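Below you'll find the structure, written out as structure tokens, and then a few comments.
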Protein chains: 2
Amino acid sequence: MPLGTDYAGQDCSVARALEVVGERWTLLIVRDLFYGIRRYNDLRKHIGLPPATLTDRLTSLIAHGVVARVAGEGARDEYELTPKGVSLWPVIYGLSQWGGANYVEDDKRMRYTHRSDGGLIRPDGICPGCGEIPEPTDIVIQKRSTADTDPISVALREPHRLLEPLRR
Amino acid sequence: MPLGTDYAGQDCSVARALEVVGERWTLLIVRDLFYGIRRYNDLRKHIGLPPATLTDRLTSLIAHGVVARVAGEGARDEYELTPKGVSLWPVIYGLSQWGGANYVEDDKRMRYTHRSDGGLIRPDGICPGCGEIPEPTDIVIQKRSTADTDPISVALREPHRLLEPLRR
DNA sequence: GTATGCGCTTCAATCATTGAACTTGCAAGC
DNA sequence: GCTTGCAAGTTCAATGATTGAAGCGCATAC
């Protein structure tokens, strides 16, 4: 049976969340949408998953109200996070901090800064300057690893705000 | 190829994290270990997954240093989170808040309070009384849903500290 | 010594995922 | 108006993981 219909705990919030975003690839898609990647082929190339799987995951995310398909510049549709999707930010950030602390060298980790005051956001999500937890739209990211050379990874080395469409 | 060996982004912290904890069931096992469930059959019954899968996931978590197998009371071994596993708490809490806010009724959500001052921990993880983000060992949980009637779910309705072994 | 429960392992059947190939629809170039 | 090219998928057979049922060895309880 597919994950997405059968995690046991009916009233467990963690299980309910994982029913929606717990399948393989799903959280990487959400991550990329935070990064401003919005087009089908950009997602596919950046994440490196088979098109059938990408279509399946996007369909599921749209059905659950996490992602919306919207008209983009030009005739192409794009995918973007709904407010419900944006509220997944603490989960993505938590995974990023844990994965970074344990598996990525310091100088290759993504840098997260608070747009209003330039503060380097701490692992617990708080901006040391203002003491607040910034909203995703107030967070500026910069990819510092140079391991990947595809156009999207290269574009992510420029600082830009979360959720702001990545233009190339 | 198995998830656990092949998420594309080599230097992406989120992808690296999901290589370790992104497989189906894995985060539910981690959640249960935070809840104090420590024995094989308790995990199996509470989560409702096939034994072969539970063995597989535990082996993988141990190999990655997230879980340790330790001697329990009596002759039985138990499973417990390592410090690296405990540092996954923000991820579990984030999923819990998102799943709770979107899919579980108010009065059925798990209650998280700060042990030192009794404050009801906010969705962002901060205790409103002291303004701090409590460590997992300082968090008291109480399951409020009565939907499940298995012994473990019943035991979780008593307030108890995270990571404290659940005795029946 | 017999039964029960725990902590697994084994196995065939099912189900999801994969990668390659193919299709469709639009848009610009010739 | 024909072709070329690309974006955005769909289709399909092969592979691989997951499932549920059954079984097994050990330990304690009766």
Side-chain angles (χ1 to χ4, degrees), chain A residues 1-8 15 18-19 21-29 32-33 37-63 67-80 150-152 165-168, chain B residues 1-8 15 18-19 21-29 32-33 37-63 67-80 150-152 165-168:
Chain A
M1 67 203 62
L3 192 159
T5 58
D6 191 56
Y7 265 127
L18 289 171
E19 282 175 19
V21 298
E23 287 171 296
R24 198 184 175 186
W25 305 115
T26 300
L27 284 172
L28 292 183
I29 295 169
D32 273 8
L33 295 172
I37 303 170
R38 297 165 64 92
R39 297 207 359 202
Y40 187 93
N41 272 357
D42 289 346
L43 291 166
R44 189 170 65 75
K45 287 175 195 160
H46 190 235
I47 301 177
L49 82 176
T53 307
L54 177 55
T55 300
D56 179 77
R57 295 300 186 275
L58 285 170
T59 303
S60 167
L61 285 168
I62 290 168
V67 168
R69 184 174 179 158
V70 300
E73 291 182 10
R76 299 275 165 215
D77 280 352
E78 300 187 344
Y79 299 93
E80 73 175 14
D150 58 286
I152 293 159
L166 202 62
R167 300 293 169 208
R168 291 153 296 148
Chain B
M1 64 204 60
L3 191 159
T5 58
D6 190 57
Y7 266 127
L18 289 171
E19 283 175 17
V21 298
E23 287 171 296
R24 198 185 175 186
W25 305 116
T26 301
L27 284 172
L28 291 183
I29 295 169
D32 272 8
L33 295 172
I37 302 170
R38 295 165 66 92
R39 303 225 331 220
Y40 186 94
N41 271 357
D42 289 346
L43 291 165
R44 188 170 65 74
K45 287 175 195 161
H46 189 234
I47 300 175
L49 82 177
T53 307
L54 177 56
T55 300
D56 179 77
R57 295 301 187 273
L58 286 171
T59 303
S60 167
L61 285 168
I62 291 167
V67 168
R69 184 173 177 158
V70 299
E73 292 182 11
R76 299 278 167 211
D77 281 352
E78 300 188 344
Y79 299 94
E80 73 176 13
D150 58 286
I152 293 159
L166 202 63
R167 301 292 171 209
R168 291 152 298 147

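Lettering of chains follows the sequences in order, A, B, ..., and the numbering in each one begins at 1. Predicted, not measured: the structure shown is a model, and the values here were computed from it. Note: hydrogens, waters and symmetry copies are ignored here, and every other heavy atom, side chains too, is used.
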How many angstroms lie between atom OG1 of T53(B) and atom CD1 of I47(B), to the nearest 0.5 angstrom? 11.0 Å
Looking only at dA8(D), dT18(C), dT19(D), the nucleotide nearest the N41(A) side chain is dA8(D)
Among dA8(D), dC8(C), dT18(C), which is the nearest nucleotide to the side chain of T55(B)? dC8(C)
Atom CD1 of I47(A) to atom P of dG9(D): distance rounded to whole Å? 14 Å
Can you tell if the side chain of R69(A) reaches within under 4.5 Å of the side chain of Y79(A), non-hydrogen atoms only? yes
I need the CD1-P distance between I29(A) and dG9(D), as an integer number of Å. 12 Å
Starting at the 5' end of DNA chain D and moving along, which residue's nearest nucleotide shows up first, D56(B) or P51(B)? D56(B)
If I take atom CG in residue L28(A) and atom C1' in nucleotide dT17(C), what distance separates them, rounded to the nearest angstrom? 15 Å
Rounded to whole Å, please give me the gap between OH in Y79(A) and C1' in dA8(D). 8 Å
If you find the nucleotide of DNA chain C closest to A52(B) and the one closest to K45(B), which residue's nucleotide is nearer the 5' end? K45(B)
Can you tell me the distance, in whole Å, between the CG atom of L49(B) and the P atom of dA17(D)? 17 Å
Check whether any side-chain nitrogen or oxygen of R76(B) sits under 4.0 Å from OP1 or OP2 of dG5(C), and answer yes or no. no
Any R24(B) side-chain N or O less than 4.0 Å from OP1/OP2 of dA17(D): no
Atom-pair distance (CG on L54(B); P on dC6(C)), nearest Å: 14 Å
For dT10(D), does either OP1 or OP2 sit under 4.0 Å from a side-chain N or O belonging to Y40(A)? no
To the nearest 0.5 Å, tell me how far D150(B) CG sits from K45(B) NZ. 9.5 Å
Look at the side-chain N and O atoms of R39(B) and state whether any lies under 4.0 Å from the OP1 or OP2 oxygen of dC6(C). no
To the nearest 0.5 Å, what is the distance between CG (L33(A)) and CD (E78(A))? 10.5 Å
I62(A) CD1 - dG9(D) P separation (whole Å): 9 Å
Looking only at dT18(D), dA8(D), dT17(C), the nucleotide nearest the T53(B) side chain is dT18(D)
Closest to the side chain of R69(A), out of dT18(C), dG9(D), dG7(C), is dG9(D)
Between dA16(C) and W25(A), is there an OP1 or OP2 to side-chain N/O distance shorter than 4.0 Å? no
Which residue in the set L43(B), L27(B), I152(B) passes side chain to side chain contact (heavy atoms under 4.5 Å, CB included) when paired with D32(B)? L43(B)
Starting at CG of D42(B) and ending at C1' of dC6(C), how long is that distance when rounded to a whole Å? 10 Å
